[in-house]
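Shown next, in structure tokens, is the structure this report addresses.
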Amino acid sequence: MIVGVPKEIKTAENRVALVPAGAESLVSDGHTVLVEQGAGLGSGFSDDAYRAVGASIAGSVDEVWAKADMIMKVKEPIESEWKRIRKGQIVFTYFHFAASEPLTKAIIASGCVAIAYETVQLSTGELPLLTPMSEVAGRMAVQEGAKYLEKVFGGSGILLGGVPGVLPGEVVVIGGGVVGTNAAKMAAGLGAHVTLLDISLDRLRYLSDVLPPNVDLLYSNHHNILETIAKADLVIGAVLLPGAKAPHLVKRADLKLMKPGSVVVDVAVDQGGCIETIKPTTHDQPTYVVDGIIHYAVANMPGGVPRTSTLALTNATFPYAKRLARRGWKQACRDDPSLFLGLNVIEGKVVYPGVAEAFGLPVADPQTLV
Ligand SMILES: NC(=O)c1ccc[n+]([C@@H]2O[C@H](COP(=O)([O-])OP(=O)(O)OC[C@H]3O[C@@H](n4cnc5c(N)ncnc54)[C@H](O)[C@@H]3O)[C@@H](O)[C@H]2O)c1
């Protein structure tokens, strides 16, 4: 099979879908790997690094799309890429179809086989191709929060770890899933005092066994949230209600309880945010201030650390890509129920119910198509 890796062209996207280690493995399986010139540069992988493991560098993006049996990407194809997608071509990437009807229609019209990272799902319910990005965002939330607490960025001038003789900073993490747990670990590692709130008692029980002693676990309700944010230097929003908008757990009026110059990092901003005053920002202009509280709300946090994010993402995506290349999409999906759930659109037919529902489209049974 020819596996094509175009350069990501969405604004500020520096990740790449395949690293040289993955290319080497595909080449040793007998596949041809065609990487667009410069595709890996944003993540620190030169064309020579791909050449060294036997991949070919394509001079043009058209060549990659025209030749590849399977396209590996990171972000959903953007409009200029739609016309390049070929009938029957496998496109393995994040799609987030429900967020864009034009994209959905374009993929239906292309006749490709769209396998979406975000709907590949393990029997435990875990979304293994979203987990690594939540890990990155959770860890980064503390790094960014610590930065914006510095005076020069308008923060209150608190060092999260304190020093001997000075109390550490207070970090409140709302939501104890992948993002929240990673944030709590990082903040605790810096020496901050952390309070993590979640509504799942089972999750809190589990976290009490695995998190260090400078993390307190608290049941999440309005009363406890207000009490903790009043003491917080950094509040991290990390709530997810599957398939729904995040609930606004901190209202604008609640901000006045917080100390001026404190920081809110709402990682859940991509689902509407759990802080009422949050609105999405970008890496160019990541923060704004409301009622004296610094708000950080970058909707694509992993994009800020593309080297780490690319490695984390491809560690998770590559085993699926290898099987798709080796067995073809039909057999690979028949063999693996998790990958099967990644099928969203097959040669003009929507097969993922959530996507069909979003736009009132008919849904086909993927079992009849593989
Ligand atoms: N901004 C970014 O770049 C970025 C990157 C990755 C993930 N995210 C977002 O971060 C959010 C969290 O993702 P995740 O992977 O940790 O999800 P997750 O499903 O692993 O965890 C969500 C947690 O929220 C808890 N929760 C639900 N309602 C709650 C409430 N009222 N109070 C407290 N906790 C509550 C759940 O019990 C669960 O433990 C999602 O919105 C995700 O899309 C954003």
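Whatever order the structure lists ligands and atoms in, that order sets their numbers, starting from 1.
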> Who gets closest to atom 23 (C) of ligand 1 by heavy atom: G125, G177, A137?
Replying inline: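 The residue whose heavy atom sits nearest atom 23 (C) of ligand 1 is G177.
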>> Using heavy-atom distances only, which candidate in V136, L240, V265, I225 approaches atom 40 (C) of ligand 1 most closely?
In response: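 Looking at heavy atoms only, L240 sits closest to atom 40 (C) of ligand 1.
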> Which of the atoms of ligand 1 are close to P302, meaning less than 4.0 Å from one of its heavy atoms?
Replying inline: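 Within the 4.0 Å cut-off of P302, ligand 1 contributes 3 (O).
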>> Which of the numbered atoms in ligand 1 are under 4.0 angstrom from any heavy atom belonging to L197?
In response: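 Near L197, meaning under 4.0 Å from one of its heavy atoms, ligand 1 has 33 (C), 34 (N).
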Looking only at distances, please establish whether an N/O atom of ligand 1 is found under 3.5 Å from an N/O atom of [X].
X	result
V179	yes
D198	yes
A299	yes
V178	yes
V298	yes
V269	no
P247	no
S220	yes

>> Once you measure the plane-to-plane angle for F92 and Y117, does it fall in the parallel (<30°), tilted (30-60°) or perpendicular (>60°) bin?
In response: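 Ring orientation of F92 relative to Y117: perpendicular.
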> Which residue supplies the protein heavy atom nearest to atom 15 (O) of ligand 1, what is that atom called, and how far is it?
Replying inline: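 Here the nearest protein heavy atom works out to S134 OG, 2.8 Å.
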> Looking only at protein heavy atoms, which one is nearest to atom 3 (O) of ligand 1, and how far off is it?
Replying inline: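 The closest heavy atom on the protein side is M301 N, 2.7 Å.
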> Is it true that a side-chain atom of E101 and a backbone atom of F359 form a donor plus acceptor pair closer than 3.5 Å?
Replying inline: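 Checked: no pair found.
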> Taking the side chain from E81 and the backbone from I78, do they hold a donor-acceptor pair closer than 3.5 Å?
Replying inline: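 Between the backbone of I78 and the side chain of E81 there is a qualifying donor-acceptor contact (under 3.5 Å).
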> Can K73 and E8 be said to form a salt bridge (Lys or Arg N to Asp or Glu O under 4.0 Å), step by step?
Replying inline: CA-CA 7 Å; K73 274 183 54 61; E8 294 298 320; 2.8 Å; yes
> Does a side-chain heavy-atom distance below 4.5 Å link P77 with T93?
Replying inline: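 With C-beta onward as the side chain, the pair touches.
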> Between M301 and V265, does a side chain to side chain contact (heavy atoms under 4.5 Å, CB included) hold up when you go through it step by step?
Replying inline: CA-CA 11 Å; M301 293 176 70; V265 177; 4.3 Å; yes
> Would you find more than 12 non-hydrogen atoms of other residues, nucleotides or ligands less than 6.0 Å from F153 atom CZ?
Replying inline: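 Yes, the 6.0 Å shell around CZ holds more than 12 heavy atoms from other groups.
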>> I need the contact type for T131 against ligand 1. Using non-hydrogen atoms and a strict under-4.0 Å cut-off, is it side chain, backbone, both or neither?
In response: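 None of T131 does.
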>> Checking side chain to side chain contact (heavy atoms under 4.5 Å, CB included) between V345 and each of F97, Y352, F95, which is the one that passes?
In response: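 When F97, Y352, F95 are each tested with V345, the side chain to side chain contact (heavy atoms under 4.5 Å, CB included) holds only for F97.
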>> What verdict does the side chain to side chain contact (heavy atoms under 4.5 Å, CB included) test give for T228 and N224, after you've listed the backbone C-alpha separation in whole Å, the side-chain angles of each residue and the deciding distance to 0.1 Å?
In response: CA-CA 6 Å; T228 48; N224 285 342; 5.5 Å; no
>> Could you tell me if R323 sits above the aromatic ring of Y320, with its cationic atom closer than 6.0 Å to the ring centre and no more than 45 degrees from the axis?
In response: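 Here R323 passes the 6.0 Å and 45° test against Y320.
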